Amino acid sequence: MFGKLISRAEESILCLLLAGMTLLVFVEVIMRFGFNSGILWAEEVTLYIAAWFVLFGASYGIKVGAHIGVDAFLKLLPGKPRKFVAILSVLLCCVYCGLFLYGGWVYLSKMKMIGIEMEDLPIQKWQAMSILFIGFVLLTIRLLQLLWSIITGKQEGFHIVDEAQESMHIARELEEMQAKEAQKSTLNNTNNKPNGGAL
Amino acid sequence: MTTATLFILLLLCMIMGMPIAIALGLSSIATILFFSNDSLASIALKLFEATSEHYTLLAIPFFILSSAFLSTGGVAKRLIDFAIDSVGHIRGGLAMASVMACMLFAAVSGSSPATVAAIGTIVIAGMVRAGYPEKFAAGVIANAGTLGILIPPSIVMLVYASATEVSAARMFMAGLIPGLMMGGILMIAIYIVAIVKDLPSQPFPGFKQLAKSGAIAMGGLMLIVIVLGSIYGGIASPTEAAAVAAVYAFLVAVIGYRDIGPMKNEPWRKQGESLPASIGRNTFHTLAAFPRSVVDKEVNRVVLDAAKTSLMLLFIIANAMLFAHVLTTERIPHSIAETIIEWGLPAWGFLIVVNILLLMAGNFMEPSAILLIMAPILFPIATQLGIDPIHLGIIMVVNMEIGMLTPPVGLNLFVTAGITKRSMGWVIKAALPWLSLLLIFLILITYIPQISLFLPEYLDSLRGH
Amino acid sequence: APIEIKFSHVVADNTPKGQMAKKFKELVESRLPGKVEVKVFPNSQLFGDNKVLEAMLLGDVQLAAPSLSKFQKYTKSLQVFDLPFLFADMDAVERFQNGPEGQKLLTSLEKKGLVGLGYLHNGMKQLSSSQPLKVPADASGLKFRIMTSDVLAAQFEALDANPVKKPFSEVFTLLQTKAIDGQENTWSNIYSKKFFEVQEYITESNHGVLDYLVVTSKEFWMTLPDDIRPIIKESLAEAITFGNKIASDKAMSDKQAIIDSRRSKVLTLTDAERQQWVKAMKPVWAKFEDEIGKATIEAAEQSNK
Ligand code: NA
Ligand code: NA
């Protein structure tokens, strides 16, 4: 229940950030073209939203397996060594987060000490940039969860959905589409296999 | 030593199955920690800069969002129906039409991954549905998408122009013929493969059906008009046009076609309904659709899907910039260039070396980063050897196109993997045969400067320069 | 190990700023062999102008030379350079910068941890547009791209024009497609950024100055050994003189190159027309008088003699 709530909140925030960024640029265009006026703060705010979007989203990407990687080599390994390598690589990702947490902290502290504001809004820069730290805290949490899933055998690596399952999913969708199509169109496809051979 | 460490670390991280973004980032930080006295704080600063100071990159999420609406909203289906009706009767016709779509889209966008995202999402599924192997479809689109930076406008060309002080307008002109030529080469290759592999074609449905599917697809076709119109009509920059496209795609899918969202399956006119009643109902429901979309499950799903792909791409790009930052700080590209000058090569030999160098760099770095570092170094050597700077620019852009298709850092590969939901290995294999065409094209561009120079020189002669 | 000075800037090696940086490296390394090593990073290779000051405060960059407008959030007093029609020409700018008020402004950043080491010229700004701008009324209702600066925004608002803020990377396209009608810049920037190819008219207005400030961090500057600091300062002063000479030559030759290209028409103003522009823009001074300081503005005016 609680997990679902968090999940929903995470997704809503991501959607809001992406939609907000898009609408802000859109409204700016409309204002400029339609009303011959501009929003001076729009550019800076758009760019900060972009940063929040990426850094906030990185952890969500781990959770839903959206990040891509090369898992071909990992798949060649037998069970135990594979698990070992998977654990090691998640731990290394945690090291990556740790380094950024430290660096981000020092950077933000310095910005707080100097106390300068954003260019166009009366907001302290360190506050607007705080996602640099928050994002990596969230990323660390997601990585630790992933680590636990790998240790307990619930997951094998970064990609939750395995490839066979995924292509089945695509195949099913395509079959549905084609079935619908067959009813009303005169197409006579000769090669219907969605995952047909190489070139 | 530094170079070796950086690349070996990156390779190890990737082999272990880490997300590419983190592999790039971690190998970069580790190299900095081992070999330089830069602070971790400045690395964090650099990452924040990479995520927050690249306005032009925002065209990527915007176009992804717009194509997410178009591809789930049934617009894609209508577009593909139209494409099949118009050229599906030629062997390989749909694949050719897809290449044409990429060329058209390239003419409105300055970025290659954006081209793949916008066109690929729609046509790959369409080609598969028409009976093409998915690998064939993905490979064609990943390659045709690279035209985004060769056919003007092009962000990469602007970067080159400002780094070398050549004319951006001339660069744009110079890209046009090579862009059309590469599109033509791809289409010819598709035709040959279609004959050899006996790829599907459909009977011609007749002009009446063609006109009908054209009218139905108009909502989607208008997107190209809107993007083209807002850029060339002076309303918006390519980045802004991308945002306009996203909003338009939402309107078409939710309000126009009503395939998803709060007005799903609601007819424009009910049976027996009077015209005033229909107008009143449509107006009222359309206005209500905007607030209702905010909480609508299907609309949210589309935005979230676009968000997933976008954040994955932008996170990789941000880390790739960190990687380029390490290369620069350690002066790795500089020392390579210095070595080349010492060899004292003739022009043709220098061009071979330039191509090899750029192809190697293209494996690991993002195009504008490569151009910003390499152009100022290569440009003076080229001038000394009598190579036209515009020609060198086009050579570099074609190399960048290839770089977008080579692992581990290949933006078009990532986008293609994202939209087909396939593994990187699968996408690399799909793109590889078509990549060889690009390589042949690169040789043509390198050794026949007239392909690039004809149009700008002709236009200059018209103006009497 | 030698003391390392990383000089990060955002333009090419062959620009006046790039040449100045290389000259500085040459001078310092010949005068302090083995003691100081200067590494120049051009073309925003290390950091862009928005982040370089922060990187400097973190100790990862030692020298940079951003435009004076970039210091808006670090000190209000440097805004004096953005005021329209304050300086008659570059000689006046030079006199002000070398005078007591100009030198005092160099220390205005110290509270934020930065030390100004000297001014580097770019040149006087001109107005370019897709329409001929002869009198202020011509600019009314047009959209002009500006750098982030409250003064510059106010300057265009005073003309009833619309200031538009867009990243430099987008400006060329926006001008080409006429999404933005015009912009203000120095001759060398208009030439090197190719704006003259997409703007039909350039008004030789000389309405403002666009200069750079060479800065370092206070922390780095104070930890330099006492026998080294003066040599660096002296070398920098020489390099700046060298760079300024190139800048003024380049402003002349770039202006000529633009005229010769015949891609845009260069308009000159009569005295009467120029007075109209001054009258339209000068109210901006009063608006920023409190932030900048009356004495500073007066001293700048005095430098016109
Ligand atoms: Na393009
Ligand atoms: Na690549």
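Note that the coordinates shown come from a computational prediction; the quantities given were computed from them, not determined experimentally. Computed from heavy atoms alone, side chains included, the values below leave out hydrogens, waters and symmetry copies.
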Colleague: Flag the pair A:D120 / C:K165 as yes when at least one side-chain heavy-atom distance between them is below 4.5 Å, and no otherwise.
Modeller: yes
Colleague: Tell me, for A:E28 versus chain C, whether the close heavy atoms (under 4.5 Å) come from the side chain, the backbone, both or neither.
Modeller: side chain
Colleague: Checking A:E43 against chain C: side chain, backbone, both or neither under 4.5 Å from a heavy atom?
Modeller: side chain
Colleague: Report which part of A:M118 has an atom under 4.5 Å of a heavy atom belonging to chain C: side chain, backbone, both, or neither.
Modeller: backbone
Colleague: Is the number of heavy atoms from other residues, nucleotides or ligands within 6.0 Å of CZ (C:F220) greater than 12?
Modeller: yes
Colleague: If you count the non-hydrogen atoms of other residues, nucleotides and ligands that lie under 6.0 Å from CH2 in A:W105, is the total more than 12?
Modeller: no
Colleague: Measure the spacing between CD of C:Q72 and CD of A:E117 and express it to the nearest 0.5 Å.
Modeller: 10.5 Å
Colleague: Would one find more than 12 heavy atoms of other residues, nucleotides or ligands at under 6.0 Å from atom CZ of C:R229?
Modeller: yes
Colleague: Can you tell me if C:E200 has over 12 outside heavy atoms packed within less than 6.0 Å of its CD?
Modeller: yes
Colleague: Would one find more than 12 heavy atoms of other residues, nucleotides or ligands at under 6.0 Å from atom NZ of C:K76?
Modeller: yes
Colleague: If you take all heavy atoms of C:P163 and A:L40, which pair is closest and at what distance?
Modeller: O-CD2, 3.7 Å
Colleague: Given A:I114, which of C:K112, C:K111, C:K73 fulfils the side-chain contact (heavy atoms from CB on, under 4.5 Å) condition?
Modeller: C:K112
Colleague: May I ask you to decide whether C:E54 forms a salt bridge with A:K125, counting only side-chain N to carboxylate O separations under 4.0 Å?
Modeller: yes
Colleague: Can you tell me which of C:V164, C:L57, C:D150 forms the most heavy-atom pairs within a distance under 4.5 Å of chain A?
Modeller: C:L57
